[in-house]
Amino acid sequence: MLAAALLTAPIVLVIERLTHRPLHPIAVAIGATLLSVLVLRRLGGLVTALDRLRIEERAARSEAETTQRLLAEQNERLREADRLKDEFVALISHDLRTPLTSIIGYVELTLDQDGLNDEQRTYLEIVARNSERLLHLVNDLLFVARLEAGELELKPNELDLAAIARQSVDEAQPRAEAKGIDLSCEIEPVGVIRADRGRMFQLLDNLLSNAIKFTPEGGRVAVQVTEREPGVRLTVSDSGIGIPEGDRKRLFDRFFRAASAVDRQIPGTGLGLYIARAIVEAHGGTISLDGTPASGSTFMVELPFARAVAETKLELVT
Ligand code: ADP
């Protein structure tokens, strides 16, 4: 009421000045009362609206908290499912390795024997080839499962990458020759690196196998090892089918295969480059694809000299 009286006082003054007549006190009191009722009703409406907003906000917040909790539970379940999947893959791969190794061994023994006719030899060679492919796949799956579980160990030693590259090229030569591919290497003497020998052969084998696989008959594959401070640079280039621009970013992702490989139905799992990157990064190095080849593909690996990593503990990063 006091507020209404205060509000109406200047209005009454203005009206009196304009009309040059004093206003009747009862009329002023009625006007002030009406005004105060209106103000009170408006205030009441505002308070109710505020309360409603507060209730809605509380409901929205509790809904958001429930959604967040459900999301966290779902994430936890997904992580658990992922872990179980990796454990399952590791278990199966491990159990498949023993019989497969035995099959490969006995097929080789049989192939070494005299008295096989051409047909029998061809069949056994097919069994041997496919068993090798299966073993390769099982090993890759096992590697990835261990990597994801953080259980992969490296046995680092000082070694000469040039010698490893030379040996890998020699071993890949029959595969290249079978496709009429000119496989060459240009290797300089380089400083020692500190790395796991087996993993370095695996890295080279992955890059070389891809280069041969994705290069049509009569093409070229070249391996180069040079010193590039502060380490050794390995490049594997080919004159093959190349990699479409849009696929380059995801090339090192697990199970990723570029459209150029899928369209041509060239077999593969999409694990080779993922494994290659894990190996290189675990050794403190980098792996990349040359972004501007005129044709074909060029992969470049850079690994630090042993002295640069002597103090650092090597570990696999996932
Ligand atoms: P894959 O088992 O398919 O060879 P990788 O992980 O080794 O799997 O390679 C992933 C994909 O990268 C391949 O499917 C292919 O599309 C592409 N790629 C890798 N190396 C080459 C290469 N030298 N030339 C062309 N494409 C390649």
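Heavy-atom basis, side chains included; hydrogens, waters and symmetry copies ignored. Whatever order the structure lists them in is the order used to number ligands and atoms, beginning at 1. Nothing here was measured: the structure is a model prediction, and the numbers come from that model.
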Students should find this: residues with any non-hydrogen atom under 4.0 Å from ligand 1. What is the answer?
N210, A211, K213, F214, D238, I241, G242, I243, L251, F256, R257, A258, A261, G268, T269, G270, L271, G272, L273, S297, F299
So, D82 and R79, do they make that salt bridge, N to O below 4.0 Å?
no
Please give the remaining members of the hydrophobic cluster of I266, linking ILVMFWY side chains under 4.5 Å, ordered by chain and number.
F214, I241
With side chain to side chain contact (heavy atoms under 4.5 Å, CB included) as the test, pick out the partner of F143 among L141, L147, N139.
L147
By side chain to side chain contact (heavy atoms under 4.5 Å, CB included), which residues pair with I26, not counting sequence neighbours?
H24, I30
With E87 via salt bridge (charged side-chain N to carboxylate O under 4.0 Å, His left out) - residues at least two apart
R83
Residue from I126, T110, L116 passing side chain to side chain contact (heavy atoms under 4.5 Å, CB included) with R121:
L116
